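Notes follow once the structure below has been shown.
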2 protein chains.
Amino acid sequence: MKKVINQADNVVREMLEGFEEAHADYVRSLEGTTVLLRKDAPVTGKVSLISGGGSGHEPAHAGYVGEGMLDAAVAGEMFTSPTPDQVFEAIKAANGGEGVFLVIKNYTGDVMNFEMARELAEAEGISVEQVVVNDDVAVEDSSFTNGRRGIAGTVFVHKAAGAKAAEGASLEDVKKVAEKVVANTRSMGVALTPCIVPGSGKPSFTLEEDEMEVGIGIHGEPGIERKKITSADDIAEELLQKVLQDSVDFQGSEVAVMVNGLGATPASELYIVNRYVQKRLRDNDIQVTHTYVGEYMTSLEMAGFSITLMKVDEELKQLLDARADTPAFRK
Amino acid sequence: MKKVINQADNVVREMLEGFEEAHADYVRSLEGTTVLLRKDAPVTGKVSLISGGGSGHEPAHAGYVGEGMLDAAVAGEMFTSPTPDQVFEAIKAANGGEGVFLVIKNYTGDVMNFEMARELAEAEGISVEQVVVNDDVAVEDSSFTNGRRGIAGTVFVHKAAGAKAAEGASLEDVKKVAEKVVANTRSMGVALTPCIVPGSGKPSFTLEEDEMEVGIGIHGEPGIERKKITSADDIAEELLQKVLQDSVDFQGSEVAVMVNGLGATPASELYIVNRYVQKRLRDNDIQVTHTYVGEYMTSLEMAGFSITLMKVDEELKQLLDARADTPAFRK
């Protein structure tokens, strides 16, 4: 197990400290918690956005804290939901008086703990709304989830709902945008190698030297199929087909594309995938308006990638184009 | 060899195509070459900056093409210098009339080929100056180099000299800034795993399951020592000591810090390293003015990282703070 860490128990705390030191222009920690807040939080006059979840998906979510995206990110232990009290502290600290909106990836622990935090906050008179992101078309139900999993498409929720909140929209209108993103976003991933949670000492699954796992989850949860590695174009085609054949009708529409690296895949390979994705969509009369290639939602040192498509309308295009200034996403 | 590619021979071309499609707001390709130009090149009224080298170090260098940094990047094959004619084409296309400045990492092939291109350009009446970056303190001479290697510190040259050029400074003044960066920048890296050049089918070196290579080069060239992996703090300390004990006197000064991932190391681990680096410098009366944590100069899917320190004065601080808008670096 080759990791650049000190003690496994301290990984999340030390990571957060190092993150805060690197990005003190953007964030500050909330003492005694694993919450990173916008430096100027609470920001008044706007709805506050909060996301979070297990660690190991960096730059999600702390990397998206800043102007135009999140007001706070709550970090759990590696691949483990943050506790309700941590989320509750984030809500109280981020709330600027216009209400708080929670962006939750669809994992059983996250949904339960964020909803408990929401109840605690509502009991104190804070208005809270939420969306549950479930963009992964690979599988229904899974080791961490009832229903579909939330993966890289979550970043589109941060961006669009964050921009809507920055405009001064109401909590209800922020929620509508978030729901529109969720309704129009579909993703799927593939892994070439597993990852190892610090302290566990062993990979979450194993793959032969010539195998890949299609439809992998961002915690290494099983996908659809384990098979021999094929070419970049063939792998991209397989993911795209599944995404395009799902319940969103992308045909003839405009889309935002994300080719997301899971951790260990070189940028050069992500660009080779993007080349195919762009060509394939063009050939199918789907117009790409926005393209994002890079590491947005990772799975520690897993090799692999995911492809996300979001069908966009004028409102979503304008929200993607709006100013964002965070450590991991600027526009 | 698990890679997301099509044919090994096409990796660089396909990567560049996918890059251009992803970042068409920033770059355009120069037909028939491996050159990516600023979309609005040639930009008049300023010195044009060009860098490049072997591929496999993404986002270097195409990721730094844009306002405030490079005017063009020239990509060679994987870990192989671009040919003089490619660099020459870049010079001609990027030249806006105020001269061209070449940022060359110190590898034998790069220095030779960029200098040949310079001669070709000068024969056509284009003013060309250059700097050779050699920030890696690990070893003198190496499999690819006479003298010290150029690694992640190169990005500080792009940023500072690029900002100077954007101010409208003369070719001579851009060169002075680049030389100041080189004189004040020192780096060292460590690898936990090797990387594999597409098509070669085997790693450039091997490490045991509990070993690391201290002082690694970005092509997997040998470092100083192969030893058992220690803690993040101990590894960071070992790199920092070597950097601090080199010929730049950092004591009592202000510095910019870069903790650079080599490809497969999770962001969480880079932040854990950053935590130690910041503490260690603070304890030693060295004031950090700028911090950069992420993948700036990679080595395909190598696991590991490098630490770079640049001693800064008022001019360099101001140049780091100047506007930059490129795919991989924004300010």
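Everything numeric in this text was worked out from a predicted model, so none of it was measured. Below, chains carry the letters A, B, ... as their sequence lines are ordered, and counting in each starts from 1.
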I would like to know whether Ser268(A) and Glu14(B) meet side chain to side chain contact (heavy atoms under 4.5 Å, CB included); could you show each step before the answer?
CA-CA 9 Å; Ser268(A) 48; Glu14(B) 292 185 356; over 6 Å; no
Please look at Ala22(A) and chain B and tell me whether the side chain, the backbone, both or neither of the residue comes under 4.5 angstrom of a heavy atom of that chain.
both
Does any backbone or side-chain atom of Phe305(A) lie under 4.5 Å from a heavy atom of chain B? Answer side chain, backbone, both or neither.
side chain
Can you confirm whether more than 12 heavy atoms, excluding those of Lys317(A), are under 6.0 Å from its NZ atom?
yes
Considering non-hydrogen atoms only, spot the tightest contact between Lys3(A) and Leu192(B) and give its length.
N-CD2, 4.0 Å
Smallest separation among heavy atoms of Ser231(A) and Asn6(B), with atom names:
CB-OD1, 3.3 Å
Go through the steps for Glu301(A) and Thr265(B) under the test side chain to side chain contact (heavy atoms under 4.5 Å, CB included), then give the verdict.
CA-CA 6 Å; Glu301(A) 69 281 4; Thr265(B) 291; over 6 Å; no
Is the shortest side-chain heavy-atom distance between Val273(B) and Val4(A) below 4.5 Å?
yes
With a 4.5 Å cut-off on side-chain heavy atoms, are Met212(A) and Lys2(B) touching?
no
Would you mind telling me which of Pro327(B), Ala267(B), Gly18(B) has the largest number of heavy-atom pairs within less than 4.5 Å of chain A?
Gly18(B)
Tell me, out of His57(B), Gln278(B), Glu58(B), who's got the most heavy-atom pairs with chain A below 4.5 Å.
Gln278(B)
Compute the ring centroids of His23(B) and Tyr271(A), then answer whether they are less than 6.0 Å apart.
yes
Under 4.5 Å from a heavy atom of chain A, the part of [X] involved:
X	value
Asp210(B)	backbone
Glu295(B)	side chain
Thr298(B)	neither
Val293(B)	side chain
Val11(B)	both

Taking every heavy-atom pair that is under 4.5 Å apart, which of [options] has the most such pairs with chain B?
options	answer
Ile235(A), Asp233(A), Leu300(A), Leu16(A)	Asp233(A)
Glu211(A), Glu20(A), His290(A)	Glu211(A)
Met78(A), Met302(A), Gln7(A), Glu17(A)	Glu17(A)

Under the side chain to side chain contact (heavy atoms under 4.5 Å, CB included) criterion, do Lys331(B) and Arg330(A) qualify, and how do the steps go?
CA-CA 9 Å; Lys331(B) 176 70 198 178; Arg330(A) 286 174 213 173; 5.5 Å; no
CA sep, side-chain torsions, deciding dist, call: Met15(A), Leu270(B), side chain to side chain contact (heavy atoms under 4.5 Å, CB included):
CA-CA 8 Å; Met15(A) 167 188 78; Leu270(B) 300 180; over 6 Å; no
Does Arg282(B) form a salt bridge (charged side-chain N to carboxylate O under 4.0 Å, His left out) with Glu21(A)? I'd like the steps, not just the answer.
CA-CA 12 Å; Arg282(B) 215 165 29 232; Glu21(A) 296 239 36; 3.0 Å; yes
